[in-house]
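Predicted model only: the values in this text are computed from it and were never measured. Here is the naming used below: chain letters follow the sequence lines, and residue numbers restart at 1 for every chain.
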Number of protein chains: 2
Amino acid sequence: MNFSVTEENHIKAIFHLQQGEGTVSTNDLAAELHTKAASVTDMLKKLKAKKLLSYERYKGVRLSVEGKKLALAIVRKHRLWEYFLVDTLQFGWDEVHEVAEELEHISSKKLVEKLDAFLGYPKFDPHGDPIPDSHGKMAVQQQVNLIDLAINKTAEVSAVGSQSTELLELLKHKNIGIGTRLEIKKKFSFDHSIEIKIKNQNAFTISQQLAQVLFVKII
Amino acid sequence: MNFSVTEENHIKAIFHLQQGEGTVSTNDLAAELHTKAASVTDMLKKLKAKKLLSYERYKGVRLSVEGKKLALAIVRKHRLWEYFLVDTLQFGWDEVHEVAEELEHISSKKLVEKLDAFLGYPKFDPHGDPIPDSHGKMAVQQQVNLIDLAINKTAEVSAVGSQSTELLELLKHKNIGIGTRLEIKKKFSFDHSIEIKIKNQNAFTISQQLAQVLFVKII
DNA sequence: ATTTATTTTTAGACAAATCTAAATTTATTT
DNA sequence: AAATAAATTTAGATTTGTCTAAAAATAAAT
Ligand SMILES: [Mn+2]
Ligand SMILES: [Mn+2]
Ligand SMILES: [Mn+2]
Ligand SMILES: [Mn+2]
């Protein structure tokens with residue numbers, strides 16, 4: 001079976017919003033895809049006819065086994081290409097998302113497998129997100145939200161919870177990236193801000209909103 | 001300006017049929033693109049409105065300077081990706097065309113430049129065709145049609161005039177590929193077939209039709 | 001110079017993906 | 001339990017790309 005770019009983008013968006021389990025609303029989907037609810041409804045009917053999801057009107061949507069398989073294949077391609085762009089072509093980790101958004105729709109199965117082999121079967125993409133293997137399995141990162149990191153435990157930033165340019169701008173300014181080693185010096189309960197320390201730098205505080213989208217691996 | 005995959009495929013097809021100079025017919029274009037003449041006419045009107053070509057009804061079509069620039073950019077991407085697939089990912093040179101047909105439409109300019117640099121600015125693709133540089137210039141291959149090769153002059157196959165699976169099947173069977181060294185032993189005027197000899201193999205004859213699509217570089 | 005054949009264009013229809021505005025269903029308040 | 005608000009779907013249009021069949025222009029043949 002072959003699917004259009006639009007169909008694939010819908011499947012991937014449902015997969016992300018569904019996040020393992022749960023049902024996804026038409027409005028949330030419309031927001032995620034920068035389209036309108038009416039357009040989403042039309043697409044859901046079509047994808048239901050293609051057996052990629054279960055959908056009853058007004059009841060929300062959920063991917064079928066087939067749908068999940070397709071979603072994982074797209075996510076796999078997206079993250080492998082991101083890895084390729086950063087690791088092989090020396091892109092910055094903050095400029096690959098848009099390009100991968102296109103590359104993820106290239107259909108050749110053989111290309112994905114050869115690319116994976118060439119890259120050495122990487123387990124995580126440049127943003128710290130796990131790359132599904134050819135069977136759709138992905139490693140579970142033993143990472144924790146920065147909010148939950150214990151004080152004075154050194155950890156390494158392993159993932160960010162968003163790829164928005166706004167976030168990336170802030171991270172660049174604060175000099176934080178994937179691989180940055182830091183530890184928490186203080187947690188302020190008033191506004192849930194936290195003071196962090198990066199080696200050879202002065203300690204500084206970051207907001208709750210920022211801490212919530214940073215994930216770290218204890219080392 | 002941004003163009004659809006269909007628009008880009010039309011521009012590229014016109015470029016190839018136009019071959020440097022000349023005017024291209026609606027029917028030839030329809031054949032090349034596996035579509036119908038009526039559809040081509042519609043597209044020509046649109047591309048004319050976008051100033052990519054000059055077109056008068058019943059008079060054929062010709063790319064504008066802008067159109068040629070776009071065509072060269074697409075050809076550049078197509079051939080760079082083919083080179084990447086063969087050189088980096090170890091694809092066979094006979095299985096990359098279809099994949100490149102998709103990859104050539106990825107829009108990121110930065111990706112093309114980074115890919116080119118990573119590959120070491122290759123001048124020819126795996127089929128021996130020249131790769132336009134970032135300014136659209138391409139090397140002129142000092143190659144000659146096998147038909148025109150002098151008898152007993154050793155030469156190396158440098159390009160094939162088609163990527164049809166039928167041709168590739170025949171070449172595989174005859175054990176001929178890019179880089180194969182051979183010389184002509186005899187030319188038969190009756191059917192214009194020629195007898196060729198590859199080192200460590202017995203001589204054999206190939207048809208006029210085959211010889212016409214093989215290009216060689218004298219060494 | 002007509003007639004015939006070929007090429008090309010137009011007319012009209014259709015599927016995919018999208019939108020706006022109106023109608024309908026479900027959820028939340030009074 | 002009504003009334004109101006929010007979410008969702010339907011109805012009807014629009015754009016893009018495609019097709020078939022008929023009409024028009026050009027080319028080739030008698
Ligand atoms: Mn996408
Ligand atoms: Mn990523
Ligand atoms: Mn193409
Ligand atoms: Mn090629």
Side-chain angles (χ1 to χ4, degrees), chain A residues 1-19 22-63 67 70-71 74 101-102 104-105 107, chain B residues 1-18 22-63 67 70-71 74 101-102 104-107:
Chain A
M1 207 42 78
N2 235 20
F3 303 97
S4 74
V5 168
T6 306
E7 288 171 334
E8 291 192 350
N9 282 340
H10 275 75
I11 291 294
K12 199 179 64 155
I14 296 167
F15 179 80
H16 281 136
L17 292 177
Q18 184 171 311
Q19 194 45 31
T23 186
V24 179
S25 79
T26 304
N27 259 1
D28 287 358
L29 221 30
E32 172 88 4
L33 291 161
H34 306 106
T35 180
K36 297 299 157 69
S39 309
V40 171
T41 300
D42 286 347
M43 187 56 70
L44 292 182
K45 287 181 195 164
K46 201 198 328 179
L47 295 175
K48 179 187 180 170
K50 294 193 176 186
K51 313 250 186 234
L52 291 172
L53 46 81
S54 57
Y55 162 69
E56 295 302 327
R57 72 196 199 299
Y58 294 106
K59 293 291 200 179
V61 66
R62 181 188 301 249
L63 290 183
L70 176 56
I74 302 164
E101 206 58 44
E102 285 183 57
E104 71 189 358
H105 304 289
S107 59
Chain B
M1 206 43 79
N2 235 18
F3 303 98
S4 74
V5 168
T6 306
E7 288 171 336
E8 291 193 350
N9 282 338
H10 275 74
I11 292 293
K12 198 179 63 156
I14 296 167
F15 179 80
H16 281 137
L17 292 177
Q18 185 171 311
T23 186
V24 179
S25 79
T26 304
N27 258 2
D28 287 358
L29 220 31
E32 173 87 2
L33 290 161
H34 306 105
T35 181
K36 297 300 157 71
S39 308
V40 171
T41 300
D42 287 347
M43 187 57 70
L44 292 182
K45 287 182 195 164
K46 198 190 341 172
L47 294 176
K48 179 186 179 170
K50 295 193 176 189
K51 315 253 186 229
L52 291 172
L53 45 81
S54 58
Y55 161 69
E56 295 302 326
R57 68 196 201 298
Y58 294 107
K59 292 293 199 180
V61 66
R62 183 187 301 247
L63 291 183
L70 176 56
I74 303 165
E101 205 58 45
E102 286 183 57
E104 71 188 0
H105 304 290
I106 301 293
S107 59

Colleague: Determine the minimum heavy-atom distance between A:A37 and A:A30, stating which atoms define it.
Modeller: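 Looks like N-CB, 3.6 Å.
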
Colleague: On the nucleotide C:dT9, are OP1 or OP2 found under 4.0 Å from the side-chain N or O atoms that B:T41 carries?
Modeller: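 For C:dT9, OP1 or OP2 has a side-chain N or O of B:T41 closer than 4.0 Å.
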
Colleague: So, does B:T35 get its side chain near the phosphate of D:dC19, meaning an N or O under 4.0 Å from OP1 or OP2?
Modeller: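 For D:dC19, OP1 or OP2 has a side-chain N or O of B:T35 closer than 4.0 Å.
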
Colleague: Rounded to whole Å, how long is the line connecting atom CD of A:E56 with atom P of D:dT8?
Modeller: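 For the pair A:E56 CD and D:dT8 P, the rounded distance is 15 Å.
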
Colleague: Could you tell me the separation between the CG atom of B:L44 and the P atom of C:dT7, rounded to a whole number of Å?
Modeller: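 So the CG-P distance, B:L44 to C:dT7, works out to 17 Å.
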
Colleague: Under the criterion side-chain contact (heavy atoms from CB on, under 4.5 Å), which of B:H16, B:E8, B:H10 is the partner of B:K12?
Modeller: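 Output: one option passes, namely B:H16.
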
Colleague: Nearest whole Å is fine: how far is D:dT18 P from B:N9 CG?
Modeller: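 In whole Å, D:dT18 P and B:N9 CG are 9 Å from each other.
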
Colleague: Which residue, A:R57 or A:H10, contacts DNA chain C at a nucleotide closer to its 5' end, judged by nearest heavy atom?
Modeller: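 The residue whose closest nucleotide sits nearer the 5' end is A:H10.
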
Colleague: Considering only side-chain heavy atoms of A:S25, which listed nucleotide, C:dT18, D:dT10, D:dT8, is closest?
Modeller: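 Of the candidates, D:dT8 comes closest.
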
Colleague: Distance check needed: D:dT16 P versus B:L47 CG, whole Å only.
Modeller: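 It is 12 Å, rounded to the nearest whole Å.
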
Colleague: Using side-chain heavy atoms (C-beta onward) and a distance below 4.5 Å, is B:K48 in contact with B:S54?
Modeller: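 No. Closest side-chain heavy atoms not under 4.5 Å.
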
Colleague: From the options D:dC19, C:dT18, C:dT20, select the nucleotide whose nearest atom is closest to the side chain of A:A38.
Modeller: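 Per side-chain heavy atoms of A:A38, the pick is C:dT20.
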
Colleague: Does B:T6 reach a base, just sugar-phosphate, or nothing at all? Heavy atoms under 4.0 Å.
Modeller: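 Sugar-phosphate only.
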
Colleague: Only Watson-Crick and G-U wobble pairs with both distances less than 3.5 Å should count. Give DNA chain D in dot-bracket notation, marking inter-strand partners with |.
Modeller: ||||||||||||||||||||||||||||||

Colleague: Strictly below 4.0 Å: does A:Y55 bring a side-chain N or O up to OP1 or OP2 of D:dT9?
Modeller: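 Result: yes.
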
Colleague: Answer whether the closest heavy-atom distance between the side chains of B:V61 and B:E56 falls below 4.5 Å.
Modeller: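 Result no, sub-4.5 Å side-chain heavy-atom pair not found.
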
Colleague: Given atom NZ of B:K59 and atom P of C:dT9, what is their separation to the nearest angstrom?
Modeller: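 So the NZ-P distance, B:K59 to C:dT9, works out to 12 Å.
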
Colleague: Go through C:dT20, C:dT24, C:dT18 for me and flag the one nearest to the A:Y58 side chain.
Modeller: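 Selected nucleotide (nearest to the side chain): C:dT24.
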
Colleague: Can you check the A:E7 CD to C:dA16 P distance for me, whole Å?
Modeller: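 Interatomic distance, CD of A:E7 to P of C:dA16: 9 Å.
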
Colleague: Tell me yes or no: between the side chains of A:Q18 and A:T23, is some donor less than 3.5 Å from an acceptor?
Modeller: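 No donor-acceptor contact under 3.5 Å links the two side chains.
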
Colleague: In this structure, how many angstroms lie between the P atom of D:dT16 and the CZ atom of B:F3, rounded?
Modeller: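 About 14 Å, once rounded to whole Å.
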
Colleague: If you compare every side-chain N and O of A:S4 against the phosphate oxygens of C:dA16 (OP1, OP2), does one of them come in below 4.0 Å?
Modeller: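 Answer no for this pair, as no side-chain N or O of A:S4 is under 4.0 Å from OP1 or OP2.
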
Colleague: At under 4.0 Å, does any side-chain N or O of A:K45 touch on OP1 or OP2 of D:dT10?
Modeller: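 It does, given that an N or O in the side chain of A:K45 lies less than 4.0 Å from OP1 or OP2 of D:dT10.
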
Colleague: Is B:T26 close enough to C:dT9 that one of its side-chain N or O atoms is under 4.0 Å from OP1 or OP2 there?
Modeller: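 Looking at the OP1 and OP2 atoms of C:dT9, one of them is under 4.0 Å from a side-chain N or O of B:T26.
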
Colleague: What is the distance from CG of B:N27 to C1' of D:dA25, rounded to the nearest Å?
Modeller: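 Roughly 14 Å, once rounded to whole Å.
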
Colleague: For A:I14 and A:V24, which heavy atoms make the closest approach, and how far apart are they?
Modeller: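 Heavy atoms of A:I14 and A:V24 come nearest at O-CG2, 3.8 Å.
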
Colleague: Nearest heavy-atom pair of A:A71 and A:L63: which atoms, and what distance?
Modeller: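 Looking at all heavy atoms of both residues, the shortest contact is CB-CD1, 4.1 Å.
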
Colleague: Quick check: closest heavy atoms across A:Y55 and A:G60, and the distance to 0.1 Å?
Modeller: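 For A:Y55 versus A:G60, the nearest heavy atoms are CD1-O, 3.7 Å.
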
Colleague: For a quick test of reading the model: is some side-chain N or O of A:K36 closer than 4.0 Å to OP1 or OP2 of C:dT18?
Modeller: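 No.
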
